[in-house]
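Note that the coordinates shown come from a computational prediction; the quantities given were computed from them, not determined experimentally. Numbering of residues begins at 1 and proceeds along the displayed sequence.
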Amino acid sequence: EEDEEEDVDMEDGEFDDDEEGAEMDDEEDGEDGDDGEGDAEFEEEGADAAGTAASTADDAKYVRKGSKLRSVKEIYAAPTHDELASLKQTEMLFKSNLFRMQLEEMLKEVRVNYEKESFLDESLRLLKQCIDNIKPMEKQVTPDTEFKGVQVPISIRTSTANMLFKFIKPEQVHIVGSFLLHCVAKPELNVDVCLEMPAECLQARDYLNHRFFHKRAYYLAKVASALKANPHFADVKFAHFQGNFVRPVLLVRPIDPSGKAKTKFVIRIHVGLPDAAFKLTRLGPEQNGLRHSKNEEVLSLCDIPPEAIKEEIPTPHYNNEVVADMLMPHHLKYFHEFATFCGAAFSDAVLLLKTWCRQRGFTSSRFGTLNGFLATFILVHLIQTRVVSKHSSSYQFFRAVLVFLAKEDLRDTGVAMNYHAFSDAFPTPSEVPSLPAFKAAFDVAFIDPSGFCNLFGSISKNAYAEIRQEAAAALTMLDGSVADEFQSLFMEKMHFEEKYDLVIRAPATASMGKRYPSQILSRGGDWVAFANALLVAVVSQGLGDRAALVVARSREHEEWAVTSAAKELGEYGMVVVGVRLDPAVASRLVDVGPAADAPEAAAFRNFWGSKSELRRYQDGSICEAVVWECPSGREHLVVTKIVQYVLARHADVAAQDLALIYNPLELMLVPGSRTADTALPDQQRIIQTVTDLSSALRKLNGLPLLVVSLQTVSSCGSYTDPFPPRSSSSSSG
């Protein structure tokens, strides 16, 4: 920009220094006048000429920059304090000024211009007006009840869904989520609205046996019937929030009366709870919210008889979902406090985190993974505990979150944020469950300020391990080991199938949970989530140290028309598992287990069944072992054999029902009639031939110089030739 401004100055005859500019003006005027007789003649021009020169000098102090007239002194002024601080920050934090410029330009692209969203503001006002005008009602309902053609979005049905439902307009309508914080990141443009269900619509024990979630679905269907008939809204649909079956949301797109959409935002409507709806002390991780006698339909789907559960057991996952619906407005207010005193750096850091998460496949539309909401809570925790200063830059905030994810293992330690009572209805600190109680109930524990909600409750150990690996890789890039870290971090989208060496597609059936009734009940009957966890655990134990990471692909939320019924869980029965292998041991054919007399031997035999056998080793030890047989050159296929065996034994998945994506380019490496079995033997035969030739050359006598060694320069010598030459016989013998 400075170069362009200098060019403009030179063309207009304008200079920075007033005196130098005046002298040049004098010379030019002298040359134009009397063939350059100098300054003497210029002085004799009189008052008019002096006035003209003064006017020219004044004009030279300004430069037109686009539509604005800027002072030359302003353009070429010394750097201000803020500019110097920015330059110093670039030098200390960023590898190069280019990386900082790339971040700034990317933020401009993903940041929303909220000043242009006046139509959205008006649409939110019309939304509240439409909902407030819904007439109260009270009637007996079932999951098959329709509200003016709108189906009820219930995927998990129990006998408690048949109830007397009362509708009253919301006590309050809250805008929650990122919109008010100015943290919405393109291209996912959503405005989250939470309708606070009045206490008159609830009973004191509705937190039990899905009763609240059923009422929540009825309430949402009633609202959908009103918005469907409103000319200001279109594309009214249901969706499972973050892929969660028990928390449907309503999606609407604002339009003007002519039917034209003037905004790309989608309004996402939730149903929440008032503070005093239920006692939080009854929703801790050690409490029971599902009576097995009231959930026989859920258990029967998994072929679990009612007598399989002898006593009431804790249901931490179910309880956690109820608490989450109570805290949505409070979490927004909590974020707002930190966003206010951290300034624009806070919102920019959240935009960076959301963009990074989306490119890694971690989005708010998926169940059981990292998203912008959780990343924001981590950032708030780091500011609250003074790990990072509230005056830090957006890049420092972003990097601090990555360091936390890479270094802090929440699977072992867990984190409980500082207690904060959001209102007088919340319990005292002495009534808050302990962190060990959450750690015993969940794979990963990160407790919100209320002390009752595990924010990472839906994330499994393996999914968290994937998050940590991605964060560690991002830090490695930022520290300078990658040439173009910006491209790798924020521009390249990573697809699930591209990240893993082996991808397993297996059908999930409700019968998988028949051996684990307590797990099914703890998850509120969500046997699909349990099937994901089961397959990951079985594959992880079967592959052992062959697998560096085993993770199930998180299910994505699915939208459907409000006039259609919600899918049942059986329609989501496909589990996709990715495996990242350790190439050093992936092809091992023998797994050595514990000693025959060790306490762990029984568990080893129980897992492997008939494949387990006793073997004596050279040191005299007798151990359990599993031996796999693979043809020469095909040892890498032992991975698929293990997966097929363990899933058939422990998850009732037959080998013919599995789809394994492993080594997909292998067939391309087999030209013509050659089989993959012969590739490695051909290379070994070539190496042996070269060895024999080398030995023969060294034995030759009578040569001027002796042959000491023979080395191959062909790729065959390093086992890297995909098509090694075939052996041939001489016709002459």
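The shortest side-chain heavy-atom distance between His210 and Leu290 falls under the 4.5 Å cut-off. With contacts defined as side-chain heavy-atom distances shorter than 4.5 Å, the pair Met163/Val141 qualifies. Within the 4.5 Å cutoff, side-chain heavy atoms of Ile154 are placed close to those of His214. When side chains are defined from C-beta on, Pro316 counts as touching Ser522, because their heavy atoms get closer than 4.5 Å. Between Phe212 and Leu273, some side-chain heavy-atom pair lies under the 4.5 Å cut-off. Under the 4.5 Å side-chain criterion, counting only non-hydrogen atoms from C-beta, Val150 is in contact with Phe238. Using a 4.5 Å heavy-atom cutoff, the side chains of Thr509 and Asp652 are not in contact.
Under the 30°/60° scheme for interplanar angles, the aromatic rings of Phe607 and His650 are found to lie parallel. Between His420 and Tyr334, the two ring planes are tilted [angle within 30° to 60°]. Taking the six-membered ring where the residue is Trp, Trp356 and Phe362 present perpendicular rings, their angle passing 60° and hence far from 30°. His636 and Tyr662 have tilted rings, their planes meeting at an angle from 30° to 60° on a 0 to 90° scale.
Each of Leu534, Val550, Asn462, Val639 was checked for a side-chain contact (heavy atoms from CB on, under 4.5 Å) with Val539, and the lone residue meeting it is Val550. Each of Asp591, Asp582, Asp501 was evaluated against Arg546; a single residue qualifies, Asp591, per the salt bridge (Lys or Arg N to Asp or Glu O under 4.0 Å) test.
By the 6.0 Å and 45° rule, Arg523 does not stack over the aromatic ring of Phe530.
Under 3.5 Å, the side chains of Asn319 and Gln287 contain no donor-acceptor pair of N or O atoms.
Less than 6.0 angstrom separates the ring centroid of Phe213 from the ring centroid of Tyr318. Side-chain rings of His240 and Phe367 stay apart, their centers remaining 6.0 Å or farther from each other.
The residues Arg268 and Glu188 are annotated as not salt-bridged, no charged nitrogen and carboxylate oxygen being separated by less than 4.0 angstrom. A salt bridge is defined here as a Lys NZ or Arg NE, NH1 or NH2 lying under 4.0 Å from an Asp or Glu carboxylate O, and Glu498 with Lys493 fails to meet this definition.
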Pair up each side-chain donor or acceptor in residues 368-381 with any protein partner under 3.5 Å, not counting sequence neighbours, and list the distances.
from, atom 1, to, atom 2, distance (Å)
Asn371, OD1, Phe373, N, 3.1
Asn371, OD1, Leu374, N, 3.0
Thr376, OG1, Gly372, O, 2.6

**Prompt:** Taking it one step at a time, do Arg157 and Asp144 satisfy salt bridge (Lys or Arg N to Asp or Glu O under 4.0 Å)?
**Reply:** CA-CA 10 Å; Arg157 302 190 176 196; Asp144 298 323; 3.1 Å; yes
**Message:** side chain to side chain contact (heavy atoms under 4.5 Å, CB included), that's the test. Do Glu466 and Tyr500 meet it? Break it down for me.
**Reply:** CA-CA 11 Å; Glu466 180 189 23; Tyr500 299 99; 2.6 Å; yes
**Request:** Tell me, with the steps shown, if Asp448 and Phe422 meet side chain to side chain contact (heavy atoms under 4.5 Å, CB included).
**Result:** CA-CA 11 Å; Asp448 87 314; Phe422 293 119; 4.0 Å; yes
